[in-house]
Amino acid sequence: MLELSAVNAFYGRIQALKDVSIRVSAGEIITLIGANGAGKTTTLMSVSGIVRPASGAIMFEDRNLNEVEPDQIVAAGISHVPEGRRIFPYLTVQENLDLGAYLRRDRAAVRTDLDYVFELFPILSQRRHQPGGTLSGGEQQMLAISRALMARPRLLLLDEPSLGLAPLIVQQIFEILGQINRENGTTIFLVEQNAYMALRVAHRGYVMENGSIVLTDDSTVLLENEQVKSAYLGV
Amino acid sequence: QREAEAQPVRIGVAGAHSGDLASYGLPTVNAAELVAEMYNENGGINGSRIQLFIEDDVCQPEVAANTAAKLVGDGVVAVIGHICSGATFAALGTYLDSDILAISPSATAPDLTQSGDYPNFFRTIASDDAQAQMQVSFALDTLDVQRIAVLHDRGDYGRGLAENARDFIEADGRAEVVVFDGVTPGAVDYSAIIARIQQSNADAIIYGGYHPEASRIVGQMRDRGMDTLFISGDGVKDDTFIQTAGPASEGVYATGPMDLSGNPVAVEAAQRHRDKYGEEPGPFFLEAYAAALALFNAIEIGGTTYEGITNALRNNTVDTSVGPVRFDARGDAEGVGFAVYQVQNGEYVELR
Amino acid sequence: MNYFLGLFVSGLTRGSIYALLALGYTMVYGIIELINFAHGEIYMIGAFTALILASVLSIAGLDAISILVIASLVAMIYSAAYGFTMEKIAYKPVRNSQRLSALISAIGMSLFLQNYVRLAQTSNFLPFPTLIPRLGFLQQLTFQVTSAQFVIFVTTTVVMILLTLLIKFSRVGKSMRAASQDKTMAMLLGVNVNRVIALTFVIGSATAALGGVLISSFTGQINFYIGFMAGIKAFVAAVLGGIGSIPGAVLGSFVLGWTESFGAGYISSDYEDVFAFAILVLILIFKPSGLLGRPENKKV
Amino acid sequence: MVLDVRGLTMDFGGLRAVDQVDLQVNEGEIVALIGPNGAGKTTFFNCVTGMYVPTAGTVTIARPGTDARQITRMRPHLITAQGLARTFQNIRLFPEMTVLENVMIGRDCRLSAGILGAIMRNKKTVAEEKQVVLDSYAMLEIVGIGRWANETAKNLPYGAQRRLEIARALATEPFLLLLDEPAAGMNPQETRDLVALIRRLRTDHQLSIFLIEHDMSLVMTLSERIYVMDYGKLIAVGDPGEVRRDPSVIKAYLGEDVSA
Amino acid sequence: MSSQATTQPQPGRYLAYAWRSLLVSIWFAILTFPIIVIRANTITGTITWRWHNIGWIVGGTFVGSWIWRYFLERKRAGAEATMGPLRQRLAAARAVVTQAARRPAVARGGIAALLLLVVAFPFVGGMYQTNIMTTALLYVVLGLGLNIIIGLGGMLHIGYIAFYALGAYSYALLNLHFGLNFWLALPVGALVGGLFSLAIGIPVLRLRGDYLAIVTLAFAEITRLVLENWSSLTFGTAGIRNIPRPAIAGIRLTLPQTTTFVYFIMILMVVLTIFVVNRLENSRIGRQFVAMKEDFIACQAMGVNIARTKLAALGLGGMWAGLAGVVFAARTTFINPASFTVWESIIVLCTVVLGGMGSIPGVITGALVLILVPEYLRAFAQFRMLLFGAVLVTMMVFRPGGLIQKRRRAYTISAQEKQVAAEIGDPGIQG
Ligand SMILES: Nc1ncnc2c1ncn2[C@@H]1O[C@H](COP(=O)(O)OP(=O)(O)OP(=O)(O)O)[C@@H](O)[C@H]1O
Ligand SMILES: Nc1ncnc2c1ncn2[C@@H]1O[C@H](COP(=O)(O)OP(=O)(O)OP(=O)(O)O)[C@@H](O)[C@H]1O
Ligand SMILES: [Mg+2]
Ligand SMILES: [Mg+2]
């Protein structure tokens, strides 16, 4: 479904991605783990067209995304929960969610999806008319995830969704991810620091170091890998 | 003889050519170009071509100082300009030091001539106090008004006129200044100040400023059915005023150089302007045209030395677009008679 | 009392005039946080286009109403095109740089357009034809309201309501607000940010042109410089009302208009602009984000 | 007792974000504040550090060995001068300045050079400036990001930015350090390094530490006492063992399966 | 994208350029049609059609658009990592130059050459050149002063010229009434400028960004309007004339001599300004200015007194304007409020942004460019301001960060000091 082949990306003179190749098949959950500054965020940004690779190709269902504008990439069915949440601070929670469904025309379905996310995160429905900027950190994270869900993407890119969330909610988030993957067939590309949880929900995983992919395998295998254990699982 | 032919007579033209006051400076450029062209077509002055150095001073003193230095460097013998009194003050010192004279079509500050500080300055326009004096005596003696509102456009020309008028009225004692205030040029609406004039029961307004604001003030006054008399100066004595203000302009008084409609030079000047630039001449065009004529004539008579030109200017009378002109010792134009005009049936008619 | 009413109407007129310009200002500011110094120039170009068109049409022998309608429409289309082009040339390339670069670019644009019109047309004032017909029912009021004043006021109100609805409730409006707060995120949600910004300029410029036609019919004359001071006043009004807020721009304009006309009427018209600027300072001291502006989100 | 908060309440319009909270931190103690998202933890921090003016309640601090003083409603920079320092949940560095300069800003509040000193560059100022650079660099080394000293702050990876925040806070010479989610965005290995760092800070710099965190592995290993908030109210206090077993905490926050 | 660009065959690219340029020129032909072609004169009721103008527009925009596109593309390519061979060579050359400049002999030589140039300038350039250079130097001082407020303090101030006006009027009036001489007026002007800047700073401390901008603009306009209307004190629009030029007791100078003298006064003042601003910038205060600009909340949390820091920036900035104002009055010998319009504030703002905010060499370059360019554009007469506007836009599009951009200072820490510091820290956790 999504294929990055030998992607290189730069920030000015700093090379953030070195020959990164990643393949995501339809219906799969894959996770990308790695230390701070490894280049995970950059990888996701290059998929959604915010960072432009200097070389290499990003293919989404036989379409080369290298030159496609970000809004067209969204229209193609990719939705991205970026690092740092990026809630619209002066729009209300409701309006933030509406914008999630910006490209959708099926009003009735949008309404059911809205009910669905409010059910997932009841606190959001309580805060419905509050400006997004005044939410607590965790509430903002919930809103960011919900907003992406509202787009009903076929491919969901998530950058550290568990950041700043209470343990109870973290568990819940990962359950939800599994659930929408199973029920709606949404493909998920997950970047996480909480490698243990991520690998448990994902089918396959990639490990990134200093901008390069150093390891990839089924997540059950990675969970047992000594190197991964010591570096990322903290055991 | 050969030498002289090779050496053009260098003349500076300085004033606001960009920015908000450009419309008062550019007509002078056109006038200078027209007159220079006329001379050059006839073989120049004593065989030398006239070469113009046109420099923008945006009507700002410090820019004018630079402009003046530039013109000095260019080797001009005389300058037509500047347009605003402030810029003129700032430039004159530089000219004086380099033996260059300036002849302005529009700088009206009394001090320019009356202080005696600037023997190199001449002008083809009356100073503020002369015009103001005329407006006030006309209002008091002829129109016999008791309550006068004095308005101005806050520029140095308009405010100078208005302040002089106010002082004359107060000194005279027969009438009372009921409102003294400024309007903002380019403001969208003047009804507040008009309402105030209405409230004050003024019989007449003396306005110092230019025609764009005047036409709007008069227009809005007549719209309200006010028949307050309106007296202004040469900034308003311009046919554009009649065209913009339309019927509201009927009855408006303005002082201005005498005898222009019948003046063949003025008629010809306007016609040449239309031919060359395809539009009506703008403010101070005739004064500038007169300045150029007087200056070139003086050079023809007195040569290109400072002494020669200034003497010639003071001692010869020339027919110009503002009438026959000769300059007095201080640099004001003698013989530019001033008269009061009134708009009657869509044109300015000289009274008396 | 009549005097007071007169001043009131005068303030209302000024206010409506400022508002027509402030609306565009505030929209553009709202989306790219740019003090668009050239907005006044767009208004001036609208007025010139209308003047040129009206002259051509009146020679062609059309009646006043058709001239008004056609001239306004064409002026709006042209100004919108100018706004659009200006954004592409002068603002889009600096969008991702420091904010002040765009401001300087706007100042350059303003100078350029002023002189462009001065050179191509004239530096002199030109009488602007009275395009607005006389409205009979206004004569019956006890105080003086001219047709132009009335039409300007009504137009301002209508435009304000339409724009408010557009921004608050329409999809486009939501995307405008989103783009104004976080362009990257808006893109990530599928908003074509370039198009949204261009559209904002188009709408803002068309409003300015409408203002240009109506205001010039009221003032009766135009030249290449009318945009500058009007632009500054509109900017003051927009800030006074809370920049970025559509109703704020209108409220700010009225406050400004009344301050000026009452100040001029009761104190001195010499200091009219001083009152205008003083009220601005005063209001901002007590309400740092303007009358209807959104307060700073202080969440830490 | 270095921090003593009594009856702290904070309202936003109709919303009571912090409700009558009493809380103490003792000298040399590491105390954690946990609770569900939106419970009011960050708001509580903001009230203590003067970013928000609380609706009600008092905040008292005492630098070890000195008298207690009230800092309620004091302006933030004065509170910092008193010896409280904090980090931010949503990182707030000076993005265009270098890493070293970021720390130097923190250091600056302990210096005295004024405008005249800066212009004259007298001996005292020169010495002071030199010392600031060295001290600040030392702070960077303490948190382990010395090699990035001349890098622009915004280009640092997330985890390093968090450390920089700590270094910057340390530079103000606090006796009480408030950390808002210091481990967010760190992987378990990095979190362990952080735990070590915080422990070392306490011993080496005689600090008391008060932190908010959602990472239970960190909270449970590090803190000596834990306060739990929910809907603005305190629902539990105690040592890690007690809190972990508290049914109301499990219900509101931890969930059944705590993998820590 | 660079790979895409390079793989595309060159001729095809130029053809695409040409096509786009053609479209652009047609668009512009339509856009400018009413204004450029038709001239309506509502006074005479005539209409002139000037069809030939269309030719100019089409031709001009075709070429213009081509060049524009070419350079935009280059700029975009330049932003990416891969440097073209030319740029690499340029960078190498620059490195050599900076390397050389570090050598004391070369540096000394460079300074000597600059000094010679500066000293010789009035004698070689003549009075006009000296005059405009003096104006440019005045704007250098203004630019550097405003840079303290905007470039360092991050407060968008567009009323800066008010302090300049007050400096000028202080000298003019004190001289008129009390015979105060130029040299004594200098500190007085600086004081007036600084104090006034503080005074208007206090009420607006809470304002940020563009709200501050408009309020400062408002204050400046109020100042100008008061100068204009309070005739009994300020002589209103008529202005004050015969302000004495700077003099040395007992020596009579001719006009060209005073011009040169003022030039040297300005050179000294610029040197002083650079000295002070440079020291400020690299001090505790300067750092706090920048920090305040970057994150105001974090800055408070770091113990910085925002109010005091803001006022310090405002006061320091205002002083330079007051000082420059005194020289201004002494130089033109005539002042009136027309010299202190919003437009002047905007020009000073432009010098700061165009040069490179916060960078001293940048601001100097900006001021020189902005004042000298319109002077040298005088050759284009009528088109002067049109071109000036275009120059502003073009510069911003192609160098949005300013001509010389600010670089944050890098501090060097010796190996030994590193060692000491590392011992304090725990090497075990170094990431
Ligand atoms: N805007 C930028 N300019 C310069 N360098 C950058 C920029 N953004 C990121 N980098 C650098 O690129 C590298 C990769 O960063 P990236 O954000 O992709 O890492 P990450 O794996 O997401 O890290 P984290 O876990 O901390 O979020 C880092 O070394 C970082 O310093
Ligand atoms: N400025 C504000 N205006 C209105 N409501 C606010 C404001 N700041 C915070 N709130 C609300 O107060 C509540 C507490 O917020 P706070 O940021 O303190 O939560 P928190 O405990 O830190 O949560 P998290 O763990 O998710 O960061 C939230 O529901 C939030 O929406
Ligand atoms: Mg990341
Ligand atoms: Mg929080």
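Please read all numbers here as calculations on a predicted model, not as lab measurements. A, B, ... follow the sequence lines: proteins, then strands. Residue 1 opens every chain.
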Value rounded to 0.5 Å, distance of CD1 in E:Ile371 from CG in B:Asn66: 9.5 Å

Contacting region of E:Thr333 [heavy-atom separation from chain B under 4.5 Å]: neither

Pick from E:Ile335, E:Leu255, E:Thr332 with the largest number of heavy-atom pairs that fall under 4.5 Å of chain B: E:Leu255

Part of B:Leu96 within contact of chain E (heavy atom distance under 4.5 Å): neither

Contacting region of B:Glu163 [heavy-atom separation from chain E under 4.5 Å]: side chain

Audit row: B:Glu279, E:Thr48, side-chain contact (heavy atoms from CB on, under 4.5 Å) steps and yes/no: CA-CA 10 Å; B:Glu279 59 174 334; E:Thr48 332; over 6 Å; no

Winner by heavy-atom pair count (cut-off under 4.5 Å) against chain E, out of B:Ser85, B:Ser115, B:Gly182: B:Ser115

N/O donor-acceptor pair under 3.5 Å between B:Arg159 side chain and E:Glu228 backbone: yes

Among the listed options B:Ala87, B:Ala91, B:Gly155, B:Ala64, the residue most often paired with chain E at heavy-atom distances under 4.5 Å: B:Gly155

Residue among B:Leu26, B:Asp111, B:Val63, B:Leu71 with most heavy-atom pairs under 4.5 Å to chain E: B:Asp111

Distance, nearest 0.5 Å, that separates CG of B:Asp156 from CZ of E:Phe235: 15.5 Å

Side-chain donor or acceptor of B:Gln60 paired with backbone N/O of E:Ala338 under 3.5 Å: yes

Donor on one side chain, acceptor on other, B:Asp117 and E:Asn242, under 3.5 Å: yes

Residue E:Ser231 versus chain B: region with a heavy atom under 4.5 Å: side chain

Heavy-atom contact with chain E under 4.5 Å, split by part of B:Ala109: neither

Test log, rule side-chain contact (heavy atoms from CB on, under 4.5 Å), inputs E:Asn131 and B:Glu62: CA-CA 10 Å; E:Asn131 244 323; B:Glu62 78 280 12; over 6 Å; no

Top contributor to chain E interface from B:Ile242, B:Val72, B:Asp56, B:Thr244 [non-hydrogen pairs under 4.5 Å]: B:Asp56

Selection from E:Asn229, E:Leu386, E:Thr135 maximising heavy-atom pairs under 4.5 Å formed with chain B: E:Asn229

Partner chain E: residue of B:Ser18, B:Cys59, B:Gly86, B:Ala68 with the largest heavy-atom pair count (under 4.5 Å): B:Gly86

Part of E:Thr46 within contact of chain B (heavy atom distance under 4.5 Å): neither

Close side-chain approach of B:Val58 to E:Met385, heavy-atom, < 4.5 Å: no

Minimum-distance pair of heavy atoms, taken over all atoms of E:Arg241 and B:Tyr118: NH1-OH, 3.3 Å

Proximal component of B:Thr94, with respect to chain E [non-hydrogen, under 4.5 Å]: both

Atom group of E:Gln129 that falls short of 4.5 Å from chain B, counting heavy atoms: neither

side-chain contact (heavy atoms from CB on, under 4.5 Å) between B:Arg154 and E:Leu225, intermediate numbers included: CA-CA 10 Å; B:Arg154 313 212 311 231; E:Leu225 290 166; 3.2 Å; yes

